[in-house]
Amino acid sequence: MEYNHFMPTRLVCKKDCVKEFDFSKFGRKAILVTGRTGAVKSGAQGDVVSALERADIAYTVFNSIEENPSIESCAAAGSAAREYGADFMIAIGGGSAMDAAKAAAVYATNDFGSPLDIYLGIPKKPLPLIVVGTTSGTGSEVTAVSVITVSADGMRYKKSLKSPRLYPLYALIDPKYTYKLPWEITLSTALDVLAHAIESLYSVKAGEMSMLFASEALSRAWDALKKAHWQTFVEFRDINEDVRDELSYAAILAGMAINITGTCFAHAVSYPLSVVKYVPHGVACAHSLIPFLKTVRGEDPRRDDIFETAVGYGFEEFYEDLKKLLPEPPSLSYAEVDEFTALTSQSASLKNSIVPLTPSGVEKLYDAMHR
Ligand SMILES: [Fe+2]
């Protein structure tokens, strides 16, 4: 047996942990990096601000991070931090705000000739980063990765930035910020958790520890997602807090799993669907989850057992239940099928699953979305 584990972010999960947090150890000036509405609506920004004011810490807010954050927004947030003289950064939001803040914290302390040079290496330590999640999906709290949208050669695509320097210093997890999330966001973020857990389970980099995180995440996320769906559409009531708490914990566990293994082709295939067709990230990943499982199933009986034990029944029943939750895939033109295939075929993630996906396999997946 072998393992080699590194995840240096301190995780604090407790009711009101943000409101009660002592930010004074990080300095006297903070910059908050958020999207346009989620940070305020969830109540998280209010809690951060009250903790900062109590500690007499000055702050500014950079609140224009978009979904699928662009490299330009990340660089702009970094410049804002530098101009303000921020001692530390607080990201509030879902994966987009967290991923953008990871890069922004780097831009704040490093001088690059062009924003794209961030991919060549991170010479100086980024600003200390504290993240406050408002959704249950991304797992970005516990990973050394930031997925950024870049424009080059007339195309827009997602490019992962990876460095141990990207780990947040602290992740403050209070699931109450997710209690009022609408169904669409709850579904998409929970599907992202499922994708993380399933792709990690079947990764070539999986080991004892990642499989432990992945199986626990899968079991909890699948059970909670089915309960959330039942409460919303059969009982016509709000999703209860226990279910929300489960989704939050499952998201962190799945993040721990992909922190070890990375993601596989369901994620790689999803990226153009999000950047060009505006499909929410988790839904975009989930469109390839059944083909992913059909590709890898049978290659390693132990992982198949872990999968079936975690979801509580066989693959075929799982496919049927997942199909009931999935919205319609986007309609792709032939030109889009070709463009997305060319883009995705270069992804290293295609080789990260125990059965790799070939470029013709990629084309088949997009072709199935042609209308
Ligand atoms: Fe994801």
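Counting convention: from 1, in listed order, for ligands and their atoms alike. Side chains included, hydrogens not; waters and symmetry mates left out as well; all remaining heavy atoms used.
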Q: What do you get for the angle at the Fe ion (ligand 1) between NE2 on His281 and OD1 on Asp192, to the nearest 10 degrees?
A: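 Here the angle at the metal atom is close to 90°, to 10°.
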
Q: So, are Glu241 and Arg244 salt-bridged, with charged N and O less than 4.0 Å apart?
A: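 No salt bridge links Glu241 with Arg244.
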
Q: Return the name of the atom in His196, of element N, O or S, nearest to the Fe ion (ligand 1).
A: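 Result for His196 and the Fe ion (ligand 1): NE2.
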
Q: Are Tyr177 and Tyr179 an aromatic pair, judged by ring center distance below 6.0 Å?
A: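 No, the ring centres sit 6.0 Å or more apart.
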
Q: From His267, does some N, O or S atom reach closer than 2.8 Å to the Fe ion (ligand 1)?
A: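 Yes, since at least one N, O or S atom of His267 sits under 2.8 Å from the Fe ion (ligand 1).
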
Q: Could Lys227 and Glu246 be called an ion pair, given the rule that one side-chain N must be under 4.0 Å from one carboxylate O?
A: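 Not counted as a salt bridge, because no side-chain N and carboxylate O are separated by less than 4.0 Å.
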
Q: Can a salt bridge be assigned to the pair Arg220 and Glu216 using a cut-off of 4.0 Å between side-chain N and carboxylate O?
A: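 Salt bridge: yes.
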
